[in-house]
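Chain naming here is simple, since letters A, B, ... match the order of the sequence lines and numbering starts at 1 in each.
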Amino acid sequence: MSKEKAFEAPPIPPAPQIPALVEGAMSHSRPFVAEPEHQRALGFPGELVDDWHDRAIEKMGDLLHRYRGFRVFLDACVKCGACTDKCHYFLGTGDPKNMPVGRQDLLRKVYRRHFTLAGKFFPKLVGAADLSEEMLDDWYRYFHQCSQCRRCSVFCPYGIDTAEVSMAGREILASIGMGQKYSNEIIGKVHRIGNNLGLPQPALAHTLEGLEEDIEEETGVRVRLPLDQADSDILLVTPSADFFAEPHVDGLIGYAKVFHQAGLRWTLSTKASEAANFGLFIGSYENMRKVALRIRDAALDLGARRIVFGECGHAWRVAYNFLDTLAGPLDFLDPKYPAPQHIVEVTHDLISRGALRLDPSANDERRVTFHDSCNIARASRMGEVAGGQFALPRDVLRSVCNHVFEMDPDATGERTFCCGGGGGLLTDDLVELRVKGSLPRMQAFKEIVRRHRVSHLVAICAICKSQFSKVLPFYGFTMDQVLSLHQLVGDAIVLGER
Amino acid sequence: MLVLPSIIAIAFYLAALILVVGVAGKILQYARTPAPLKIPTTPAPTTRSGTILRLAREVVYFESLFKASKWTWLFGWIFHAALVVALIGHLRYFTEPAWWPAALVQGIALWVGLAMLVGLGGLWARRIFVDRVRYISAPSDHLMLALLVIIAGSGVFMRLFLPTDIVELKIFTLGLVRFDWQTIPVDAILLLHIVSALALMAIFPFSKLLHVPGLFFSPTRNQADDPRERRHLPRWTPIEDRSASASMPDVPAEPSKDSR
Ligand code: SF4
Ligand code: SF4
């Protein structure tokens with residue numbers, strides 16, 4: 001079934017480089033299409049419907065009426081080209097349809113043909129095009145070569161956000177029967193079981209017990225990782241990768257140590273044993289809402305007074321920006337704290353109040369740099385002021401590690417490059433794309449390794465961590481060179497006395 | 001002969017009507033379309049007044065474009081700034097006595113026209129010579145530039161070589177405003193200038209010139225970053241609610257506080 005082609009990781013250029021256009025360079029890259037059962041479970045038709053053309057146009061019209069951004073973005077682009085060299089997938093592949101505007105144009109051409117006067121009467125003149133089978137294929141290919149990282153939207157003079165366009169594109173595709181296997185299968189698992197991995201309650205409880213034993217063995221202190229504990233102060237919602245995979249799980253241990261040291265009563269929940277919300281990736285408001293409502297239900301069931309999210313980029317976007325809208329009002333939570341909160345906010349606050357005893361020398365053998373995750377950088381905030389999403393994690397990192405270095409400012413902060421695996425692309429059928437798309441990040445990392453002998457990339461996103469573990473070896477690094485921020489926190493915490 | 005002035009006058013009213021009604025229609029459409037989710041590109045201002053400032057920075061100095069590409073920014077900004085000054089200058093044809101800023105511009109009108117041409121030239125050169133920009137250009141993108149070059153070029157040309165009969169022109173333009181049609185100087189370059197400007201007005205609502213109202217309705221730019229402080233509510237409920245959850249929160253009836 002796999003038609004994966006052999007490919008080579010691109011060489012890392014000595015300095016950031018804009019590639020020459022190579023038309024069709026990535027036209028062979030397309031993820032597996034969702035199985036009928038996975039489609040139907042989310043309320044989509046099982047396979048490509050016969051009248052797909054008309055239904056796609058109809059769906060586009062529906063979305064135009066539902067999302068102001070979508071309509072404005074399709075109208076406003078002046079083809080200035082400012083975004084053309086901003087996408088990591090373009091920088092890594094040279095495929096012009098991976099230029100943000102090139103990607104948008106796949107949809108915009110059809111929009112113009114069907115929804116604008118100019119496109120109806122003079123299609124050639126204004127670059128309008130019909131929704132042919134070939135175009136439909138291009139939609140499927142290239143809307144699945146966008147990690148919805150929003151880097152393009154920073155630079156566009158009208159803020160045109162290609163992420164919104166690719167989400168709309170994917171929603172249209174799913175609604176005519178061409179959903180993506182990876183995302184839809186996972187959303188189905190969340191609806192059914194509660195997390196992306198399909199991990200049932202007993203397995204989860206067992207894993208957490210094992211972790212408690214590990215911590216006790218290593219530190220001599222009994223640090224709890226409670227599950228479904230009613231009447232807790234805090235419900236922690238974290239990506240399910242945190243429960244088993246390296247380096248994620250060390251982050252989870254870090255959160256547990258923070259809560260333990262601060263004396264906070266917290267719990268995980270089976271029902272909401274997943275922070276991720278892939279409904280975002282497929283552009284489906286309804287699915288995103290349903291996944292979000294689980295969290296509200298879990299908090300109410302357990303009588304939690306605060307909801308805190310673990311290290312996950314898009315989950316924090318959905319939580320920070322959408323949770324109150326989708327699953328609110330969150331007025332049953334303690335009004336003294338922002339709802340919801342990020343674990344980094346909690347840790348930051350505890351550190352600045354002196355509630356944690358830290359020994360940064362525990363991390364002395366590590367020389368680290370911080371990778372800003374796209375969804376945290378450009379689609380959310382932490383703390384009170386704009387830009388807190390950059391300052392808070394760095395403050396935390398500096399208080400637990402003595403050797404912190406910054407990558408090129410063109411690759412951090414609001415200009416950060418996506419890891420290359422976000423937006424529902426973290427699947428083996430897209431490995432080539434993921435490797436190539438990580439080139440700009442790898443370039444910046446290699447540079448800081450060369451200049452400051454940096455040993456580790458620190459991340460606060462489950463997708464980033466998994467993606468880096470996978471792609472680092474393609475570029476001559478090792479998979480264990482990516483760490484959770486809270487692993488460093490956990491290692492620096494002096495357990496015991498408060 | 002009143003045929004020519006009549007044709008121009010009718011074209012003028014028509015173009016103005018298309019421009020105003022078309023753009024107003026678009027603005028209404030944008031305003032009526034809900035923005036169901038908070039999607040400002042962060043870091044974003046956390047207050048309403050902050051977003052107004054952010055938009056102002058985009059309008060006045062093209063903040064985002066400046067981050068993106070210094071050359072595009074330079075040529076784009078020169079062109080737009082010159083265009084605004086030129087438009088102000090042209091108001092003297094429609095006000096009597098001439099509005100003072102319009103009169104003021106007179107002294108530098110030639111330079112303004114030349115600046116417009118420089119800006120357009122730079123943008124066009126990018127469109128032709130940078131492979132990425134060439135790839136995304138449709139014929140209409142080149143035509144738009146051609147039209148603007150014709151408008152600016154004919155204006156500069158008249159300034160330099162063929163001063164048209166300004167007094168007679170002003171009698172004509174004031175007549176347009178007062179619905180009292182007068183004759184117009186018969187001058188090919190002037191007619192080219194006017195007709196191409198009218199064409200630009202007429203295609204405005206049907207083209208990428210919608211970037212002007214579009215910017216103000218762009219949720220990534222006009223939303224404040226305050227979702228935890230203020231609940232953002234969509235003006236529609238999910239049409240097909242597949243979530244059927246027992247604890248479905250009531251969908252509040254009150255309209256969005258901050259639907260932008
Ligand atoms: S959102 Fe990110 S991945 Fe998608 S086109 Fe823009 S820069 Fe590329
Ligand atoms: S930067 Fe914005 S306006 Fe310019 S080409 Fe890209 S999407 Fe279009």
Side-chain angles (χ1 to χ4, degrees), chain A residues 20-21 43 65-69 71-72 75-86 96 99 101-102 105 116-118 124-127 150 153-159 161 164 285-286 289-290 293 296-297 300 320-322 324-325 327-329 338-339 378-381 386-387 389 414, chain B residues 26 29-30 33-39 41-46 58 62 64-65 67-69 72 76 126-127 130-133 135-141 143 203 206-208 210-211 214-215 217-221 225 227-228 231-234 236 238 240-243 245 247-249 252:
Chain A
L21 298 191
H65 283 101
R66 292 220 268 160
Y67 296 97
R68 181 190 298 160
R71 184 180 286 274
V72 169
D75 274 341
C77 174
V78 296
K79 311 297 174 82
C80 69
C83 62
T84 54
D85 55 351
K86 302 300 185 282
M99 300 188 296
V101 49
D105 272 354
T116 70
L117 273 185
K124 287 251 162 54
L125 184 73
V126 298
R150 316 186 91 202
S153 84
V154 170
F155 297 98
C156 173
Y158 319 109
D161 182 4
E164 292 293 312
Y285 188 99
E286 290 78 13
R289 178 149 183 259
K290 190 171 163 187
L293 281 168
R296 174 198 173 86
D297 291 349
L300 283 171
Y320 174 83
N321 269 306
F322 309 154
D324 203 8
T325 298
R378 290 184 286 261
S380 76
R381 172 161 57 104
Q389 66 269 41
E414 68 171 354
Chain B
K26 268 307 210 183
Q29 183 189 51
Y30 293 154
T33 311
L37 293 166
K38 276 280 192 176
I39 58 167
T41 309
T42 59
T46 53
E58 292 291 2
F62 302 180
S64 297
L65 187 58
K67 286 181 198 166
S69 159
T72 311
R126 269 186 67 82
R127 204 171 278 300
V130 177
D131 61 350
R132 303 187 308 281
V133 190
Y135 178 89
I136 56 171
S137 300
S140 55
D141 297 309
L143 281 180
I203 59 174
F206 309 105
S207 67
K208 65 177 183 179
L210 287 172
H211 67 280
L215 170 63
F217 287 95
S218 174
T220 60
R221 291 291 179 270
D225 173 22
R228 289 193 294 189
R231 186 165 185 224
H232 178 79
L233 296 171
W236 48 269
E240 217 180 311
D241 206 308
R242 303 186 184 93
S243 53
S245 158
S247 69
M248 175 92 68

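Not counting sequence neighbours, B/R126 has no partner by the salt bridge (charged side-chain N to carboxylate O under 4.0 Å, His left out) test. Residues meeting the ring-ring contact (aromatic ring centres under 6.0 Å, His included) test with A/F155, sequence neighbours left out: none.
For the set A/T116, A/D161, A/L117, the count of heavy-atom pairs under 4.5 angstrom toward chain B peaks at A/L117. The candidate from B/S69, B/A138, B/P139 with the greatest count of non-hydrogen atom pairs under 4.5 Å with chain A is B/P139. When each of A/K124, A/M99, A/E414, A/R71 is scored by its heavy-atom pairs under 4.5 Å with chain B, the top score falls to A/R71. The candidate with the highest count of non-hydrogen atom pairs below 4.5 Å against chain B, out of A/P96, A/A82, A/C83, is A/P96. For the set B/V133, B/L65, B/T41, B/L215, the entry with the most heavy-atom pairs within less than 4.5 Å of chain A is B/T41. When the candidates B/G214, B/A68, B/S207 are compared by the number of heavy-atom contacts under 4.5 Å with chain A, B/A68 comes out ahead.
Contacts between A/T325 and chain B at a heavy-atom distance below 4.5 Å involve backbone atoms as well as side-chain atoms. No part of B/I203 comes within reach of chain A, as not one of its non-hydrogen atoms sits under 4.5 angstrom from that chain. When heavy atoms are compared at a cutoff of 4.5 Å, B/R132 approaches chain A by way of both its backbone and its side chain. Only the side chain of A/K86 comes within less than 4.5 Å of a heavy atom of chain B; its backbone N, CA, C and O stay farther away.
Taken to the nearest 0.5 Å, the CG atom of B/D225 stands 4.5 Å off from the CZ atom of A/R381. The CZ atom of B/R228 lies 9.5 Å from the CG atom of A/N321; values are rounded to the nearest 0.5 Å. A/C156 SG to B/K67 NZ: the interatomic distance, rounded to the nearest 0.5 Å, is 11.5 Å. Of the inter-residue distances, the one linking B/S218 atom OG with A/E164 atom CD reads 10.0 Å to the nearest 0.5 angstrom. Within the model, atoms CD1 of B/I136 and SG of A/C80 stand 7.0 Å from one another, a figure rounded to the nearest 0.5 Å. How far CD of B/Q29 is from NE2 of A/H65: 6.5 Å, rounded to the nearest 0.5 Å.
Between B/T42 and A/R150 there is no side-chain heavy-atom pair separated by less than 4.5 Å.
Here the closest non-hydrogen pair linking A/Y67 and B/T33 is C-CG2, 3.6 Å. In terms of heavy-atom proximity, B/S64 sits nearest to A/P157 at CB-CA, 4.0 Å.
Under a 3.5 Å cut-off, the side chain of B/R231 and the backbone N or O of A/D324 do form a donor-acceptor pair.
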Does the pair B/F206 and A/V126 meet the rule for a side-chain contact (heavy atoms from CB on, under 4.5 Å), with working shown? CA-CA 10 Å; B/F206 309 105; A/V126 298; over 6 Å; no
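Remark: the A/S153 side chain and the B/T220 side chain contain no N/O donor-acceptor pair separated by less than 3.5 Å. For the residue pair B/Y135 and A/D105, no side-chain donor N or O sits within less than 3.5 Å of a side-chain acceptor on the partner.
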